[in-house]
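Read through the structure below, which is laid out as structure tokens, and then see the notes.
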Amino acid sequence: MAEYTALEKIRLQKLEELRAEGFEPYPTRAERTHTSTLAIAEFESAEKDAKEVKATLAGRIRANRAMGKVSFAHIEDGSGKIQLFFRSNELGKDRVDLFNRMFDLGDFIQASGVMFRTKTGEITLHVHDFKLLAKSITPLPADKDVTQDDGTVVRYAALESPEIRARQRYADLAVNPEVRETFRKRATLIKALRTFLDDHDFLEVETPILQPLYGGAAARPFVTHHNELEQDMYLRISFELYLKRLLVGNLERVYEIGRDFRNEGVSFKHNPEFTQLEFYWAYANYLQVMELTEQMVSYAAEKVTGSTTVKFGEHELDFKPPWKRVEMRTGILETSGIDIAEYKTAEELFKAIKIKHGNKTPDPKSARGKMIDFLVGEFLEPTLIQPTFLYNYPRDISPLAKSIPGDPLTVERFEGYAAGFEICNAFTELNDPIDQEQRFIDMGSDYTDDEEEKHPLDEDYLRAMRYGMPPNGGFGMGVDRLSMLLLNKHSIREVLLFPALRKEEFGE
RNA sequence: GGGCGCGUAGCUCAAUGGCAGAGCAGUGGCCUUUUAAGCCAUUUGUUGAGGGUUCGAGUCCCCCCGCGCUCACCA
């Protein structure tokens, strides 16, 4: 049973009084004719011809200013706020008193009347009738604060507690309009990505989230169990292997936007479930994917923000193609002074890093590719502020990518960076089943003492590939991260409606 | 998982180890064009939970819970 606060008990009592007086606090019907913005727009155009605009509005009470025989209130609906005007000589003293006594901030009401403009010029509904649509029991967090008489100290209080904002996103949304705006823009982003890919003849598909084997990325999976099949299942960590199976089936361009699950740490840029976009494009290679990527992201930026240039913290990011391109070996050499091509084994590379940078070294037990990754993260990544493609990756951290002809240690792979963090990952996909099988096996032996990096060998995927897979370019992008960049949010929690949080204890 | 920080009224925040407070919200009243309405009066607390030190703990110590930052992890 819920424990009610003093404020809630007062509202519950009002609810009972309303019922006793014959008013249903949770009626089944609403009769809205206009949103607040529509009513205002209609009034503005009718005003010139002195025409009357009648409207029935519905929304939450956000402010109420009772002034004796007249009252002003603001309600807020999905499109914005609008003022209501009540006059007791028209509605009757009892009804206005009822409104002021029984209705609280946060209640949903509907009000009918005629639009007019007040003395101060605000377009307002002159209310002729109203009813309660839903009583609010728990007060919304106050969204305004303090008035100091001397006029110097002004404090506004909004719901700011990051924990309450995330746990009770409903309250955050109800009270902070800019949060609603963030999620509208996020929806615009996803729609733009879809439109872009659809217009480029990609087919949107859906592949299993529950998988008997996981793969396509290096991450720890969530494990669950199917009772009837009597087997464990994994929540997918990527879409890759399933989408590439579709290329075997002659679907030449496919994409999926959906949720990935990784059983790992939580941070400002990591949530255990996150939205991923992947596409696979037959007969293309990573250079073509690069071009499509910069077009797609700049298109999305324009749709979401109206411009290809967006502000992110102190930076102005310009997503307009072409993006800067940095070859990995060159980039590492320039930022760390180490030429990875000179050190062909992990031992040699480790020594070189140790000599050059002393205490800043990777784990000496790492594979060579991991050490290169370390150099990227430590020295190169922080310099990649403007949208940049970092390309040509070490083969041993890219088991699904095709080698560069004549350079067996390097693969045709790139990652897109902006504001110093990774937003996408793509490569010319490996389509040689014999090579692929060997890579899986190498992968296993490279990381024998690293349980987390071990990956199950996907026999069915190899079988598919043996039927023949067209050469293709593949692409993956964290949609949440792109949202952060485009919306200038510095935590992934700001672009997720319900970010992962520890279970809340509700007591007895 | 490690380190650092935070947790006080519905919200935003105060309070040298010495009477737990303010504004907003709420409640009662006045007020027929207000809008951060105003004026008068007034209520609200297991100071995250538990233990300890002390004459006395919101404050110091221990432990637990939650959140934040950060490191690790994260092809």
Side-chain angles (χ1 to χ4, degrees), chain A residues 4-11 13-14 62-74 81 83-90 93 96 101 104-106 116-122 124 126 137-149 153-167 171 175 216-220 237-238 262-272 274 363 366-367 369-370 372-374 376-377 393-401 411 413 415 422 425 427 443 446-447 450 452-453 455 476 478 490-491 493 499 501-505 507:
Chain A
Y4 292 109
T5 65
L7 296 183
E8 288 168 335
K9 283 175 186 155
I10 290 166
R11 291 188 176 199
Q13 204 175 331
K14 291 178 183 179
R62 299 289 287 140
N64 186 23
R65 297 177 290 280
M67 309 185 53
K69 297 195 173 59
V70 66
S71 278
F72 291 90
H74 270 97
K81 284 187 190 172
Q83 183 166 256
L84 306 182
F85 175 65
F86 303 81
R87 206 184 232 161
S88 58
N89 60 344
E90 294 162 355
K93 185 178 183 309
V96 174
R101 254 182 35 250
D104 290 292
L105 301 188
F116 79 113
R117 202 180 273 274
T118 63
K119 265 184 193 168
T120 53
E122 180 164 351
T124 300
H126 193 139
I137 305 298
T138 303
L140 287 170
D143 68 335
K144 293 274 163 48
D145 205 356
V146 179
T147 317
Q148 298 290 335
D149 293 331
V153 186
V154 179
R155 229 174 22 168
Y156 290 84
L159 175 61
E160 277 174 359
S161 154
E163 182 175 356
I164 297 176
R165 286 192 49 226
R167 272 195 205 286
V175 135
R220 273 179 289 173
I237 58 172
S238 89
R262 297 187 182 176
N263 205 339
E264 283 158 2
V266 176
S267 80
F268 75 94
K269 54 178 176 177
H270 298 270
N271 196 64
F274 61 97
D363 181 349
S366 317
K370 279 234 153 187
I372 293 171
D373 203 43
F374 169 86
V376 170
Y393 274 66
R395 177 183 137 135
D396 65 341
I397 54 168
S398 314
L400 300 161
V411 294
R413 170 177 173 189
E415 289 190 358
E422 178 199 334
N425 180 18
F427 27 92
M443 205 58 191
D446 276 358
Y447 295 106
D450 190 345
E452 287 173 24
E453 297 289 352
H455 272 76
H490 296 250
S491 167
R493 283 183 294 271
L501 292 171
R502 225 174 277 270
K503 192 168 102 186
E504 190 174 5
E505 297 295 339

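Letters go in sequence order (proteins before strands), and every chain restarts at 1. Quick caveat: nothing in here was measured; it's all calculated off a predicted structure.
- A/S88 places a side-chain N or O within donor-acceptor distance of the main-chain N or O of A/K69, the cut-off being under 3.5 Å.
- Base pairing of B/C55 is made with B/G18, judged by Watson-Crick or G-U wobble geometry with both donor-acceptor distances under 3.5 Å.
- Atom-to-atom, NE2 of A/H74 to P of B/U33 comes out at 17 Å; the value is rounded to the nearest Å.
- Across all strands shown, B/G45 forms no Watson-Crick or G-U wobble pair with both key distances under 3.5 Å.
- Minimum interatomic distance between A/P499 and A/A166 (heavy atoms only, all atoms of both residues): CG-CB, 3.9 Å.
- Taking atom P on both nucleotides, B/A14 is separated from B/C6 by 12 Å, rounded to a whole Å.
- Rounding to whole angstrom units, NZ of residue A/K269 and P of B/G68 are separated by 17 Å.
- At the heavy-atom level, A/P399 lies under 4.0 Å from base atoms of the strands shown.
- Here the nucleotide nearest the side chain of A/I10, chosen from B/U33, B/C67, B/U27, is B/U27.
- Considering only side-chain N and O atoms, A/R65 lies nowhere under 4.0 angstrom from the phosphate OP1 or OP2 of B/G38.
- Considering only side-chain atoms of A/R220, the nucleotide from B/G26, B/A75, B/C73 that sits closest is B/C73.
- Using modelled atom types, one finds a donor on one side chain and an acceptor on the other under 3.5 Å when comparing A/R65 with A/H74.
- In this structure, the side chain of A/D396 engages the main chain of A/G369 through a donor-acceptor pair within 3.5 Å.
- The existence of a salt bridge linking A/R413 and A/E415 is confirmed by a sub-4.0 Å separation between a basic side-chain nitrogen and an acidic carboxylate oxygen.
- Closest contact between the side chain of A/L105 and the listed nucleotides B/A75, B/U33, B/A25 involves B/A25.
- We find that CG of A/L140 is positioned 15 Å from C1' of B/U12, with the value rounded to whole Å.
- Pairing for B/G38 is with B/C30, a Watson-Crick or G-U wobble pair whose two hydrogen-bonding atom distances lie under 3.5 Å.
- Closest approach to the A/F268 side chain among B/U34, B/C11, B/U70 is made by B/U70 (side chain taken as heavy atoms from C-beta onward).
- For the P atom pair drawn from B/A49 and B/U33, the interatomic distance equals 49 Å after rounding to whole Å.
- Between A/F374 atom CZ and B/C73 atom P there is a gap of 9 Å when expressed in whole angstrom units.
- Atom CG in A/N64 sits roughly 17 Å away from atom P in B/C31 (whole-Å rounding).
- If you check the side chains of A/N271 and A/R493, you find no donor sitting under 3.5 Å from an acceptor.
- Nucleotides B/A25 and B/C13 have their C1' atoms positioned 15 Å apart, rounded to a whole Å.
- The residue among A/A166 and A/A63 whose nearest nucleotide of RNA chain B lies closer to the 5′ end is A/A63.
- As judged by a 4.0 angstrom heavy-atom cut-off over every strand, A/K9 is placed among residues making no nucleic acid contact.
- When Watson-Crick and G-U wobble pairs are counted only if both distances are under 3.5 Å, B/G7 pairs with B/C65.
- In the set B/A75, B/C67, B/U34, the nucleotide with an atom closest to the side chain of A/R167 is B/C67.
- Close to B/C73, at under 4.0 Å from its OP1 or OP2, lies no side-chain N or O of A/K370.
- Put simply, the side chain of A/E122 and the base of B/U33 share no donor and acceptor less than 3.5 Å apart.
- A/L400 and A/F427 make their closest contact through O-CE1, 3.5 Å (heavy atoms, listed as atom of the first residue, atom of the second, distance).
- Taking atom P in both B/U47 and B/C11, the straight-line distance is 15 Å, to the nearest Å.
- Computed from coordinates, the A/M67 CE to B/C40 P distance equals 16 Å when rounded to whole Å.
- Across B/G18 and B/G58, the matching C1' atoms stand 13 Å from one another, rounded to whole Å.
- For the OP1/OP2 pair of B/U33 and a distance below 4.0 Å, the side-chain nitrogens and oxygens of A/K69 include no atom meeting the criterion.
- If you take CG of A/L84 and C1' of B/U32, they are 17 Å apart, rounded to a whole angstrom.
- Nucleic acid contact class of A/L400 (heavy atoms, under 4.0 Å, all strands): none.
- Atom CD1 of A/I164 and atom C1' of B/G68 are 13 Å apart (whole Å).
- Across B/G38 and B/G23, the matching C1' atoms stand 16 Å from one another, rounded to whole Å.
- Among B/A75, B/G26, B/U34, the nucleotide with an atom closest to any side-chain atom of A/T118 is B/U34.
- Heavy-atom nearest nucleotides on RNA chain B were determined for A/H270 and for A/L501, and the one closer to the 5' end corresponds to A/L501.
- Note that the CZ atom of A/F85 and the CD atom of A/E90 stand 7.0 Å from one another [nearest 0.5 Å].
- Comparing the C1' positions of B/C63 and B/G21 gives a spacing of 30 Å, expressed to the nearest Å.
- Within the structure, every side-chain polar atom (N or O) of A/R87 is placed at least 4.0 Å from both OP1 and OP2 of B/U34.
- Checking the phosphate oxygens (OP1, OP2) of B/G66, a side-chain nitrogen or oxygen of A/R502 falls inside 4.0 Å.
- Taking the P atoms as reference points, B/C24 lies 14 Å from B/A36, given to the whole Å.
- The phosphate of B/G68 has OP1 or OP2 within less than 4.0 Å of a side-chain N or O from A/R493.
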